[in-house]
Every structure is written in C-alpha cells, then in structure tokens.
Amino acid sequence: MVSFLHAAPVPVDGLGHTTDSARWLGASLPEQQRLEALAAGLSPGDGDDVVQPTPGAVASADALRRFARQSATLPGDVVGHLGGEVARWCDEPCFGPPARLVRWRGGGARTPERLAAATPLAIEVGTYQVPVEQAAGPGGREVDMPVSNAVLVSTHHWSGLLWANLLYLGPTLWRTLVGSWAVAPLRLAWAAFTTVSLDPDRLGARLTRVERGARVHRSAVVDGCWIRKGARIGPGAVVRGSIVGEGARVEAQALVAFSVLGREARVQRKALAQFAVLEEGAACFNAFSCNVAFTFDPSEADIKIWTIEESFGAWRSERAGAACGEVADRAARRLRNQSVDLV
C-alpha cells in the first residue's frame, strides 16, 4: 500500500505562524490533510513507496488519489502537478513556490537532487466551468473559473491559505451535505420533495448540516452550511455556503457568506465576513472580505500590527476591518492614532 507523509511545515508569510498551526476547512491543517490522505486510500506513515506534498503544500483527496493512480506505472521517483487550466488557478494567487506532489520510491535520503531528477507528471483532473462576473455594468464580462475536486495549493503566503480554503470549500460542503455520488440523487430528491421546490436556496437550506450541540436561532437564515458542534448562530444572522467551526459564534444580524470559521471564531453583531477565513479564536467586527483573520499574542502587538498593515491592509481609519483575537490596550491606542485606508 502506498504511504503518505505530511509536507514539511513552513512559515506562513503575513500570519506569524507555521503551516502546522494553520486552519484548513475549520480543522487544523495537519489533521485535515491526514483525513484527505485516508480518503484517498493512502496510509499515513513512512515507507519505501511514499506520496508527499512539497513543503508547505496541501492536497485534496482527489488530487492524491489521481496522482497515486497515474504515477503507478512510471518508474522511479515521480513529481506531479495539476494539469489543465485548474493548475493556473491553484498556483498563481498563492505568492509562493508552486505546490507539487512527489512519489518517493526505494527509500533513501529525499534530497533536492532526487526531486530535480524525478519524472514529471501532469495529473489529469476533472473540472467543470463556473461563470464568474469580473465586472458589472457596461464593459463588464464573465470569466469561466475551472472548479475541481482536485486541489493542490502552496500555503507559504496567507493568500495561499485563503485560496486553499475557498477552492475546496464547495467540494467539501457537497461531500458533507450531499454525500457520495451513490447517495447524492436520493438526498437531492428528498430535499426537493420535502421543500416542494427546485429553488437552489431552498434546497440548500434543507441540506444544511447542524451537528449535535450547535444552536441556530429560529430567525436566522442558514443555507448550504456545515455547522459544527457547539457553534451558535444568533437571531437575524444570515449564513450561506460556509463552514462554522466548533464553538464558533455568529452573532445577531451578522452576515457570513462562503467563508470558513475556525474553532471559537466570532463574527460580531452586524459584521460581514465573505470569502474569508477566520482562524481559531479570531474575530470579525466590521466588513471583512477575501482575507484571513488570526489571533496573536498582545505582547507582540507592535510587530503584528505592522504585519497586518503591510500584508493585509485591513485596518481602516479608527476601526479595524477584522479584529484578530484579543487586542492589547496598547495596540488599540495605537490604532486610534492612525489613519490607514483599506487597500
């Protein structure tokens, strides 16, 4: 049986921690990667025939499964990258070295020289095109974004961590809410029957998964989401197409759309989080979009505030676009004395 080794951890530029501490789909990145390897039929551990992502890379179960199958007939070490248009969408937004999968055969030291001499493989993946409006109004146009169950992304930069979550959010929700292709038609038919509708919003609401111990207020709107145990959705909140992690809070009249909330994360009253990732314990109290919020040690506030301004551009005038955990009084006073526009 082919074994699987985790990618070597690397620092995540802009977040101040390594990939071992990052969150992927609401869980710790190493734990989620282990689950993806098991779903691909790989055995976590070392051996003489090992599949391993390059340092800082994450790979979905479909990418691992396809690479293991397609590299089986090639001799010696093999290095694989996603083929087709999806490869560009995985590589370009990540601001780091491209992510690759390596199949090491025969044991021995795994050196850069061996990697350079490995047989290259373009992994054939299945994709479907999703039209995305690039600009509204006159002159606006649509682009076709390729979406695939096969995801292979570098997380050296916070943008790569964001992209790894957003690219794989749809397939993960489908797998969790609808299930495998064997049972999907039955679940979709049952949802259509019980809602007496084929409207996607109503079907999504029926397919939402709320784990035991989670609470959703009766006035909240929750469509197509995975609400983990202990999470709370407040009155009047709207949550669509998102993963809400264990113990996370979406307060009254907040809006969360196509985002991943980590354990104990919080979207405060009337706040907005869309296309965003909130890591464990992070909080959002204003508008937060296409970004990653994280927690930090208040004793290091001077360093981290500079990092946020430089890499995120998330502080705006006297308010913060995202509150990253419990901010020290010293940091709050500094923010009140600054005027930093949102990039």
Side-chain angles (χ1 to χ4, degrees), residues 1-68 70-71 77-82 86-87 89-105 107-121 123 125 148-168 171-172 260 262 277 279 292:
M1 185 176 186
V2 181
S3 301
F4 175 82
L5 278 181
H6 287 282
V10 299
V12 183
D13 187 19
L15 293 187
H17 59 61
T18 66
T19 50
D20 277 352
S21 302
R23 312 295 291 183
W24 189 24
L25 303 172
S28 70
L29 191 150
E31 174 60 18
Q32 184 63 38
Q33 183 63 90
R34 185 185 71 85
L35 295 176
E36 297 296 323
L38 290 173
L42 305 181
S43 175
D46 208 342
D48 292 335
D49 189 0
V50 177
V51 170
Q52 182 182 31
T54 50
V58 295
S60 67
D62 192 60
L64 293 170
R65 185 184 304 110
R66 288 174 179 271
F67 175 67
Q70 295 174 27
S71 62
D77 299 331
V78 182
V79 57
H81 62 87
L82 296 184
V86 71
W89 284 85
C90 284
D91 284 346
E92 289 187 0
C94 298
F95 298 102
R100 298 291 183 262
L101 288 173
V102 186
R103 186 163 186 169
W104 305 103
R105 287 192 173 101
R110 298 172 180 124
T111 63
E113 291 75 20
R114 281 185 64 182
L115 180 60
T119 303
L121 171 66
I123 307 169
V125 299
S148 175
N149 289 328
V151 173
L152 180 60
V153 176
S154 167
T155 58
H156 285 72
H157 191 273
W158 66 265
S159 63
L161 184 61
L162 172 68
W163 203 230
N165 278 275
L166 295 185
L167 275 180
Y168 203 40
T172 299
V260 177
V277 175
E279 294 202 319
V292 179

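For the residue pair Gly14 and Trp158, the shortest heavy atom distance occurs at CA-CD1, 4.1 Å. Considering every non-hydrogen atom in both Ala40 and Ala61, the closest pair reads CB-O, 3.4 Å. For Gly26 against Val260, the heavy-atom pair with the smallest separation is N-CG1, 3.3 Å. Residue Ala99 comes nearest to Val153 through the heavy atom pair CB-C, 3.5 Å, listed as atom of the first residue, atom of the second, then distance. Ala59 approaches Leu152 most closely through the heavy-atom pair CB-CD1, 3.8 Å. Nearest heavy-atom pair, Arg103 versus Ala68, reported as atom, atom and distance to 0.1 Å: NH1-O, 2.8 Å.
The CH2 atom of Trp104 sits 5.5 Å away from atom CZ of Arg114, with the distance rounded to the nearest 0.5 Å. Arg23 CZ to Glu31 CD: the interatomic distance, rounded to the nearest 0.5 Å, is 10.0 Å. How far CG of Leu29 is from OG1 of Thr18: 9.5 Å, rounded to the nearest 0.5 Å. Here the OG atom belonging to Ser60 is positioned 10.0 Å from the CG atom belonging to Leu25, to the nearest 0.5 angstrom. Put simply, CG on Leu162 and OG1 on Thr155 are 12.0 Å apart, with the number rounded to the nearest 0.5 Å. Atom CG of Leu166 sits about 11.0 Å away from atom OG of Ser159, to the nearest 0.5 Å.
The backbone N or O of Val10 lies less than 3.5 Å from a partner atom in the side chain of Thr19, making a donor-acceptor pair. In terms of modelled atom types and a separation under 3.5 Å, the side chain of Ser154 and the main chain of Pro98 share no donor-acceptor contact. With hydrogens and angles ignored, the 3.5 Å screen pairs no side-chain donor or acceptor of Arg65 with any backbone N or O of Gly41. Under the 3.5 Å distance criterion, the side-chain polar atoms of Arg66 are left unmatched by any main-chain donor or acceptor of Ile123. Counting only distance, with no hydrogens or angles, the side chain of Gln52 and the backbone of Leu101 share no donor-acceptor pair below 3.5 Å.
Taking 4.5 Å as the limit, some side-chain heavy atom of Leu38 sits within range of a side-chain heavy atom of Pro44. For the pair Thr54 and His81, the minimum side-chain heavy-atom distance is 4.5 Å or more.
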| request: Would you please test Asp13 and His156 for side-chain contact (heavy atoms from CB on, under 4.5 Å) and show each step? | output: CA-CA 6 Å; Asp13 187 19; His156 285 72; over 6 Å; no
| field | Verdict with reasoning, Glu279 to Leu161, per side-chain contact (heavy atoms from CB on, under 4.5 Å) | value | CA-CA 11 Å; Glu279 294 202 319; Leu161 184 61; 3.3 Å; yes
| field | Verdict with supporting geometry, Arg100 and Leu115, side-chain contact (heavy atoms from CB on, under 4.5 Å) | value | CA-CA 10 Å; Arg100 298 291 183 262; Leu115 180 60; over 6 Å; no
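Every ring-ring contact (aromatic ring centres under 6.0 Å, His included) that Trp24 has, sequence neighbours left out, goes to Tyr168. Under the rule for a side-chain hydrogen bond (donor to acceptor under 3.5 Å, both in side chains), the partners of Gln32 that lie at least two apart in sequence or sit in another chain are Glu36.
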